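The structure appears below as structure tokens.
Predicted, not measured: the structure shown is a model, and the values here were computed from it. Lettering follows sequence order; numbering is per chain, from 1. Keep in mind that the numbers below use all heavy atoms, side chains included, and drop hydrogens, waters and symmetry copies.
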2 protein chains.
Amino acid sequence: MTKPDSSSNLTLDKQICFSLYSASNAMARSYQPLLKKLDLTYLQYIVMMVLWQDSTMNVKELGAKVHLDSGTLTPLLKRLEAKGLVIRSRSQSDERVRLISLSDAGKKLRQAAEQVPDMMMCKSKMTSEELSSLKQACDLLLKNLTTAD
Amino acid sequence: MTKPDSSSNLTLDKQICFSLYSASNAMARSYQPLLKKLDLTYLQYIVMMVLWQDSTMNVKELGAKVHLDSGTLTPLLKRLEAKGLVIRSRSQSDERVRLISLSDAGKKLRQAAEQVPDMMMCKSKMTSEELSSLKQACDLLLKNLTTAD
DNA sequence: TGCATTTAAATTGTGCGCAATCAATGTGCG
DNA sequence: CGCACATTGATTGCGCACAATTTAAATGCA
């Protein structure tokens, strides 16, 4: 009593993960025209948002917030520094620690970014209830995949 | 009557898109150890899945299915060809068209991949109802973001 | 038929993601 | 104190994603 081929799990239309992946790509793609005005990529925008909330932290703390490591963040932070948006200093008490803080230009950029979330919500054409439930499901999945591997 | 700063939309914990993005990254990360046995990356696995369903198609058709363009697919398909999993031939009737088809090794790999979806579902620790509703929301978002830009 | 237009795929360049490795600094324990 | 060990971040290398451009082939139409 083996399953017939048509009910195999190995079909693209059954892959939740592929839906997630495609939606995530499409989302980043949709952000790009909005962020072009700010001269930021999607991830750079995320990192700036973290810093707008809490203007100084080290790479490890930042990485924990955005779920990324120094291999991704170090070059990104260098690019943000090159744009004059952040300052990469060293901790006095521990020379290993890189302190990331906002420059004046970085702080100022926040105003221009304020309208981005609403514009994206509009693009999504989904209700806040739908979006909120999507967010909950993603947060749960992330938690389940990251705790105890 | 302007909103106080604490209710700004520009906070990381309010970004549905960031949840989606982080969950998608975590998902691809979780797939990797499972796919290592097959010597495939996540996207290569997706492309192979498309070909397991329909063993010959051109780059444009493939791109439409996985929502990616030739800039991503061409090098990926070359890598799959180098591994001996696919064959990149040319259409007789239209020399511009690249026909992608499975080699015997590519067809054979399917058996080893059959168990991957169930293993991932288990890793997610979510019910099929939760996953199904997540999938629906992602599919809707993708549709809304891609139709009429 | 000849030439502009369209189409398919490849190429180029930039910026992620992430595993693996490395260097530098700090800490703890004998 | 000295040395093993842990921690922080940087580096390297590979494989996506994607915009923009290029190449080559097909099509349309005067």
Quiz item: Side chain of B:Asn25: nearest nucleotide among C:dC18, D:dG15, D:dG9?
Solution: C:dC18
Quiz item: Is the number of heavy atoms from other residues, nucleotides or ligands under 6.0 Å of B:Gln111 CD greater than 12?
Solution: yes
Quiz prompt | DNA chain C contacts among residues 60-74 of chain B, heavy-atom distance under 4.0 Å | solution = B:Lys60, B:Ser70, B:Gly71, B:Thr74
Quiz item: Among residues 37-46 of chain B, which residues get a heavy atom nearer than 4.0 Å to DNA chain D?
Solution: B:Thr41, B:Leu43, B:Gln44
Quiz item: Please give, in whole Å, the distance from D:dC16 P to B:Met48 CE?
Solution: 13 Å
Quiz item: Hey, what's the ring geometry for A:His67 with B:Phe18, parallel, tilted or perpendicular (30° and 60° as the breaks)?
Solution: parallel
Self-check item: A:Leu80 and its side-chain contact (heavy atoms from CB on, under 4.5 Å) partner, picked from A:Thr41, A:Ile87, A:Val86
Solution: A:Val86
Quiz item: Between B:Arg90 (CZ) and C:dT7 (P), how many Å, whole number?
Solution: 19 Å
Exercise. Please determine if a side-chain N or O atom of A:Lys78 lies less than 4.0 Å away from the OP1 or OP2 oxygen of C:dG15.
Key: no
Quiz item: Do A:Arg96 side-chain and C:dT25 base share a donor-acceptor contact under 3.5 Å?
Solution: yes
Quiz item: Step by step, would you call A:Asp104 with A:Lys108 a salt bridge (Lys or Arg N to Asp or Glu O under 4.0 Å)?
Solution: CA-CA 6 Å; A:Asp104 286 346; A:Lys108 210 179 152 199; over 6 Å; no
Quiz item: Any idea which of C:dT11, D:dA19, D:dA25 is nearest the B:Asp94 side chain?
Solution: D:dA25
Practice problem: Would you mind telling me which residue lines up with the more 5' stretch of DNA chain D, B:Gln92 or B:Leu76, judged by nearest nucleotide? | Solution: B:Leu76
Self-check item: Atom pair distance, as rounded to whole Å: CG in A:Leu99 and P in D:dG9
Solution: 8 Å
Practice problem: Would you tell me if any nitrogen or oxygen in the side chain of B:Arg88 comes within less than 4.0 Å of OP1 or OP2 on C:dA9? | Solution: no
Exercise. Can you spot which of B:Asp139, B:Leu20, B:Leu142, B:Leu141 makes a side-chain contact (heavy atoms from CB on, under 4.5 Å) with A:Leu20?
Key: B:Leu20
Exercise. Check the distance between C:dT14's P and A:Gln32's CD and give it to me in whole angstrom.
Key: 15 Å
Practice problem: Round to the nearest Å and state the distance from B:Leu77 atom CG to C:dT11 atom P. | Solution: 12 Å
Exercise. Give the rounded distance in Å between these two atoms: CZ of A:Arg29 and C1' of C:dG15.
Key: 16 Å
Quiz item: So, the side chain of A:Asp118 versus the backbone of A:Met121: is there a donor-acceptor pair under 3.5 Å, distance only?
Solution: no
Quiz prompt | Residue A:Lys36, side-chain atoms from C-beta onward, closest of D:dA20, D:dA10, C:dA9 | solution = D:dA20
Practice problem: Give a yes or no on whether the backbone of B:Asp39 and the side-chain of B:Lys83 come within a donor-acceptor separation of less than 3.5 Å. | Solution: yes
Exercise. Would you kindly give the CD-to-P distance between A:Glu95 and C:dT27, to the nearest whole Å?
Key: 12 Å
Exercise. Report which part of the nucleic acid B:Ser93 touches: base, sugar-phosphate, or nothing (heavy-atom distance under 4.0 Å, all strands).
Key: sugar-phosphate
Quiz item: For A:Leu80 and C:dG15, what is the distance between atoms CG and P respectively, to the nearest whole Å?
Solution: 11 Å
Quiz prompt | Whichever of A:Lys83 and B:Arg98 has its nearest DNA chain C nucleotide further upstream toward 5' | solution = B:Arg98
Quiz prompt | Pairing of B:Arg110 and B:Glu114 as salt bridge, 4.0 angstrom limit | solution = yes
Quiz item: With a 4.5 Å limit on heavy-atom distance, are the side chains of A:Cys17 and B:Tyr42 in contact?
Solution: yes
Quiz prompt | salt bridge (charged side-chain N to carboxylate O under 4.0 Å, His left out) against A:Arg96, all qualifying residues, sequence neighbours excluded | solution = A:Asp94
